[in-house]
Structure formats: structure tokens, C-alpha cells
Novice: 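Please find one structure pasted underneath; my questions will follow.
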Amino acid sequence: MKNHRKTEHSVTEKINPRTRDIDKYSPLKIIELISAEDSRIAEAVSKERKKIARAVDLIVKGLGGGGRLIFAGAGTSGRLGVLEASECPPTFGTDPSMVVGIVAGGKKALWRSREGAEDQGKGSWDELNRLNLKKVDTVVGISASSATPFVEGALKYARLRGCGRILISCHPVQDTSIAGVFICPVVGPEVVMGSTRMKAGTATKMVLNMLTTASMIRLGKTYGNLMVDVQPTSEKLKNRAKRIVMQISGISRQRAEHLLNKSNWNVKVAVIMGSKGLSFTEAKKRLVNCNGFLREALK
């Protein structure tokens with residue numbers, strides 16, 4: 001990530017020869033071109049699967065030791081990191097402080113572009129300092145071009161603190177000292193030159209989905225493919241919780257709702273109560289003794 005202010009050689013800043021005359025085409029032809037470019041994304045991400053798996057190991061080790069997962073990015077990349085962090089509590093029942101996203105320009109940059117903020121490398125130092133960054137934390141820098149000072153600053157600060165460091169970029173990385181794991185799905189030039197909210201943004205979102213989902217699975221946040229740590233904070237999620245208890249325990253909807261009410265709507269505890277005939281206190285203790293892994297608690 002040397003010469004980070006010079007992005008003209010980045011893959012994301014090149015002209016796509018396949019869409020050079022896109023302004024001459026009909027809406028259907030434009031959509032077909034965009035679709036054809038998007039079809040390249042999954043393969044590019046798949047090529048990075050071993051690196052993504054190494055990153056998951058690093059994240060799980062940190063989270064399992066009481067650390068946090070912190071995403072840092074600017075513009076679209078930063079917003080995607082914040083979005084990913086915000087989805088973890090309702091989906092996996094994590095504390096809001098466990099997965100965090102910081103974006104160049106602060107909260108205002110989430111809904112209004114503040115492009116100049118990405119050039120402030122020390123800005124990420126301030127954000128991470130406010131979070132009281134610790135050695136057990138894992139910092140994931142997100143930069144489509146691998147040339148964002150805000151992201152470089154975050155990873156350098158993390159290195160000083162001895163944290164796990166991961167970089168997600170859609171451009172091959174030159175400075176390999178900046179992170180421990182590099183995930184670089186090279187999706188090629190964008191349909192509109194430099195518009196990294198398109199292919200690069202989609203590839204980044206796919207990688208982020210893999211990182212958080214695989215990490216939470218490894219931490220016991222699912223039973224099979226069921227989100228047993230779901231937080232039933234709405235009618236939709238309450239109904240999902242009922243269906244999960246019904247599915248695992250093989251019981252009626254009425255019985256599932258009864259168990260959920262007795263367990264304070266804790267899906268895992270409800271399942272243990274129903275399957276093992278235990279009280280709330282006994283079921284909760286059993287789950288704690290199994291470090292929150294429902295499959296172990298049901299053995």
C-alpha cells in the first residue's frame with residue numbers, strides 16, 4: 001500500500017473495454033452489460049476462499065478470547081463494514097460492542113458522502129483510540145483500491161497494538177507488511193470507471209458475509225443452519241424463533257411458544273428445556289457449561 005495517494009494504476013481505476021460505449025446503448029443493453037460484469041464476481045471471490053478461511057480462524061481466535069471484530073473503511077467500503085456490524089446482533093445475538101464498524105468521516109458519512117475524509121490516515125487512529133483497541137481485537141481494513149490512507153492508518157495502528165489484521169481489497173496488494181491476511185478478489189475494471197460501489201462493493205459484501213457468518217458458526221451461534229441466537233425483537237423474528245424451536249425439538253407451535261415464554265425467548269434454552277425436561281435455571285446452566293454450543297448441550 002505504498003504511494004497510497006496514487007491510485008491511477010489500481011485495477012478499480014482502469015477503463016473497462018467492454019463498456020466503453022455504454023452511453024450509446026438502450027436500457028436493456030446497459031443492464032445486460034452490467035449483468036455480464038456482475039457474473040464475474042463470484043468466481044473472483046471463490047479464488048480467495050483459502051485466505052477467507054484463514055481470516056475466519058484469526059477472527060474466531062480473537063472473539064473467543066474476548067476480543068472484538070472491527071471493520072474500518074471509507075466511502076462504500078466503510079458503509080459496508082458498518083452494515084455488516086449492525087446485522088450481527090439481531091442475527092447472532094452478539095453484543096453490539098462485539099462487532100464494530102468505523103467509517104472515514106464518522107456517522108455523518110453513512111448517509112452523505114465525505115470523500116475527503118478517506119485521506120486522513122490519522123482519522124482512523126482517533127476512532128480506534130476511542131474504542132480502546134486491545135491486542136485481542138481483530139481489525140479488518142476494507143479498501144477497494146488498497147490505497148486508502150484511512151484504512152492504512154487503521155491497520156498500522158492495529159499492528160502497533162499487536163492486533164490481528166486483515167485487508168480486503170479488489171486490487172493486488174504490494175505492501176505485505178500492512179496485514180497478516182490479504183483477501184483480494186480482483187473483479188476487474190468497473191462498468192463505470194472507478195465506481196467501486198458496483199463490482200468491488202458486491203465482492204466486498206460477499207466476503208464480509210462469509211467472514212461474519214463462518215465466524216459465528218464456529219462460535220456456536222447456529223445449530224445446523226438455524227440461527228439459534230436470533231434476537232426476537234419483532235413479530236417476524238418471534239415467529240422465526242418459534243419455527244426454530246419446533247424444527248429442532250419436533251414439537252407443536254403452541255408448545256414452542258410456551259417454552260420460549262418460560263425461557264425469556266432464549267431459543268437455545270427453550271430447546272434444552274423441551275428436549276431434556278429441565279427447568280429454566282438448569283437449562284441455562286447446561287448451556288453455559290457447554291460454552292453456548294447447543295449441539296453439545298443436547299448430547
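What you see is a predicted model; the values in this text were computed from it and never measured.
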Novice: Does the side-chain hydrogen bond (donor to acceptor under 3.5 Å, both in side chains) test come out yes or no for Ser279 and Glu282, once each step is laid out?
Specialist: CA-CA 5 Å; Ser279 68; Glu282 292 169 332; 3.2 Å; yes
Novice: Ignoring hydrogens and angles, state whether a donor on the side chain of Asn16 or Glu37 is under 3.5 Å from an acceptor on the partner side chain.
Specialist: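 Checked: Asn16/Glu37 side chains pair up, N/O donor to acceptor below 3.5 Å.
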Novice: Rounded to the nearest 0.5 Å, how far apart are CG of Leu260 and CZ of Arg255?
Specialist: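 Reported value, rounded in 0.5 Å steps: 10.5 Å.
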Novice: Among Val187, Val207, Thr202, find the one that has a side-chain contact (heavy atoms from CB on, under 4.5 Å) with Val45.
Specialist: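 By the side-chain contact (heavy atoms from CB on, under 4.5 Å) criterion, Val45 pairs with just one of Val187, Val207, Thr202: Val207.
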Novice: Are the side chains of Lys262 and Met273 in contact, using a 4.5 Å heavy-atom criterion?
Specialist: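 SC-SC contact between Met273 and Lys262 confirmed.
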Novice: Side chains of Glu152 and Thr148, heavy atoms from C-beta outward: is any pair under 4.5 Å?
Specialist: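 Result no, sub-4.5 Å side-chain heavy-atom pair not found.
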Novice: Do the side chains of Val139 and Phe71 get nearer than 4.5 Å, heavy atoms only?
Specialist: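 Phe71 does not reach Val139 side chain to side chain.
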Novice: Going by the rule ring-ring contact (aromatic ring centres under 6.0 Å, His included), which residues pair with Tyr157 if we only count those two or more places apart in sequence or in a different chain?
Specialist: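 Once residues adjacent in sequence are excluded, the partners of Tyr157 under the ring-ring contact (aromatic ring centres under 6.0 Å, His included) criterion are Trp125.
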Novice: Any salt bridge between Glu84 and Lys205, counting N to O under 4.0 Å?
Specialist: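 Counted as a salt bridge, because a side-chain N and a carboxylate O are separated by less than 4.0 Å.
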Novice: Can you see whether Arg161 engages Asn132 through a side-chain donor-acceptor pair at a distance of less than 3.5 angstrom?
Specialist: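 The criterion, which ignores hydrogens and geometry beyond distance, is not satisfied for Asn132 and Arg161.
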Novice: Kindly work out whether a path of hydrophobic side-chain contacts (I/L/V/M/F/W/Y, heavy atoms less than 4.5 Å apart) joins Leu208 to Phe182.
Specialist: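 In one cluster with Leu208: Phe182, no.
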Novice: Does a side-chain heavy-atom distance below 4.5 Å link Ile102 with Phe150?
Specialist: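 They are in side-chain contact.
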Novice: Salt bridge check: are Glu257 and Arg253 linked by an N-O gap of less than 4.0 Å?
Specialist: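 Judged by the 4.0 Å cut-off on N to carboxylate O distance, Glu257 and Arg253 do not form a salt bridge.
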Novice: Heavy atoms, side chains only, cut-off 4.5 Å: are Ile30 and Asp23 in contact?
Specialist: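 Side chain of Ile30 against side chain of Asp23, heavy atoms only: no contact under 4.5 Å found.
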Novice: For the pair Lys199 and Asp38, find out whether any cationic side-chain nitrogen is under 4.0 Å from an anionic carboxylate oxygen.
Specialist: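 Salt bridge between Lys199 and Asp38, a charged N being under 4.0 Å from a carboxylate O: no.
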Novice: Can you tell if the side chain of Val11 reaches within under 4.5 Å of the side chain of Pro189, non-hydrogen atoms only?
Specialist: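 They are in side-chain contact.
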Novice: Through direct or indirect side-chain contacts below 4.5 angstrom among Ile, Leu, Val, Met, Phe, Trp and Tyr, which residues connect to Ile217?
Specialist: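 Joined to Ile217, directly or through intermediates: none.
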Novice: Is there side-chain contact between Leu69 and Met98, with heavy atoms separated by less than 4.5 Å?
Specialist: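 The answer is no; the side chains never approach within 4.5 Å.
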Novice: Does the side chain of Val140 reach to within under 4.5 Å of the side chain of Ile70, using non-hydrogen atoms?
Specialist: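 No. Closest side-chain heavy atoms not under 4.5 Å.
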Novice: Do Glu127 and Ser124 pair up side chain to side chain, a donor and an acceptor below 3.5 Å, judged on atom types alone?
Specialist: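 There is no such pair (donor and acceptor under 3.5 Å, judged by atom type) between the side chains of Glu127 and Ser124.
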Novice: Ion pair present between Lys51 and Glu48, side-chain N to carboxylate O less than 4.0 angstrom?
Specialist: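 Yes, charged N to carboxylate O under 4.0 Å.
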Novice: Whether the side chain of Thr222 engages the backbone of Gly224 through a donor-acceptor N/O pair (distance < 3.5 Å, no angle test) should be reported.
Specialist: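 The answer is yes, because a donor-acceptor pair under 3.5 Å joins these two groups.
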